[in-house]
Amino acid sequence: MAETGTGARREAGAGAGAGVGAGVVQRHSSGLEYLGLEHAATGALATVFLHGAHVTAWQPKGKDAESVLFTSEAAVYAHDAAIRGGIPVCFPQFAGQGPLGNHGFARKATWTVADASPSAVTLVLTHESDGVPPGTLPFSAEYCVELTDDNALRLAWAVTNGREENTYDQAVHEPLANALVFTDALHTYFAVPDAAQVRVSGLGGVVYVDKTDGMAIKTWPADSDISFAGEVDAAFRRAPLTLAITDAAGETLFDIERTAGFRDVVVWNPGAERAATMADLAPGDAARFICVEAANVEPVVVHPQDTHRAELTLRIGSW
Ligand SMILES: O=P(O)(O)OC[C@H]1O[C@@H](O)[C@H](O)[C@@H](O)[C@@H]1O
């Protein structure tokens, strides 16, 4: 049965199970499984559900009382739902850009644990995993969530095309034969004191698709930060690899660092009006988060037996 967020958050808050059983799979009352992570030296905590490989909470050192990721009190914890908040893994389709449901199947599929320690877990999804549509071509995705020695949350993402090598004829005449073609995102929900007061810096001068304006292609004004007066839904192409979220006083709340394997960045907040129509957001939630997503909105092409790799590292500022 579907369970909503309040009870689930209480039960599986950041690092739930840490100390006793950090790095050990535990069962949530919804039936979903999760791990609590704990870094021995920093004391940082995180919670990672096997459903969707979903990080639902992260409490770095310095923010001991609460998660710095937003997860809604109205989030649904169920096999057929995506958890609203934390870090959904969008794969193999970003948003509605293809035949699958919004953001693809990975965020509703059951991942398996390949390796776990108290401070890190590696989860795997393949074409044979529960929740992956039958007939999906052979692939394997590996996702490592790690609390690092320097108090960061490091997310390492790798997608391998499981098909055989092309024949000579295919390689020459049909270079895309057997290629794995996908779009993706680590759709991070950053908790903020008030969305209307924060800014995303680093995207001035970058070309973006404005999804709130009929997919119009625009360029964000140079030297200008992004602010959140209402709905924002913008997919920035080939964005700089280092971005920051700052508060009204210009202090850094988060540093966001990607490797080039995440070429694009999506910035999203539904605004109050649209948020009010979303059943898994609670009243007032639109002001409590902004999403800055490490993404490939333009398709990635992975040839047979090859692996695409990307990393995202999140750090908090001094707030
Ligand atoms: O409601 P979902 O499926 O989690 O999607 C949330 C949002 O995710 C963003 O990445 C998209 O750009 C938005 O268009 C979308 O509304």
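Since the model is a prediction, treat every value here as computed from it, not as a measurement. For this chain, numbers begin at 1 and follow the sequence in order. Note that ligands are numbered from 1 as they come in the structure, with each ligand's atoms numbered from 1 the same way.
The aromatic rings of Trp268 and Phe289 are tilted relative to each other, their planes meeting at an angle between 30° and 60°.
In summary, Asp210 and Lys218 engage in a salt bridge, as defined by a charged side-chain N under 4.0 Å from a carboxylate O. A salt bridge links Asp150 and Arg315; the closest N-O separation between the charged side-chain nitrogens and carboxylate oxygens is under 4.0 Å. Of the charged side-chain nitrogens involved, at least one lies within less than 4.0 Å of a carboxylate oxygen, so that Glu298 and Arg237 count as a salt-bridged pair.
Pocket lining of ligand 1, defined as residues with a non-hydrogen atom under 4.0 Å away: Arg84, Phe94, Asn102, His103, Arg107, His187, Lys211, Asp233, Val266, Trp268, Arg274, Glu293.
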### Message
Walk me through whether Phe182 and Phe91 qualify under ring-ring contact (aromatic ring centres under 6.0 Å, His included).
### Response
CA-CA 7 Å; Phe182 63 86; Phe91 173 82; 5.1 Å; yes
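Applying the salt bridge (Lys or Arg N to Asp or Glu O under 4.0 Å) definition to pairs two or more places apart or across chains, none involves residues 119-144.
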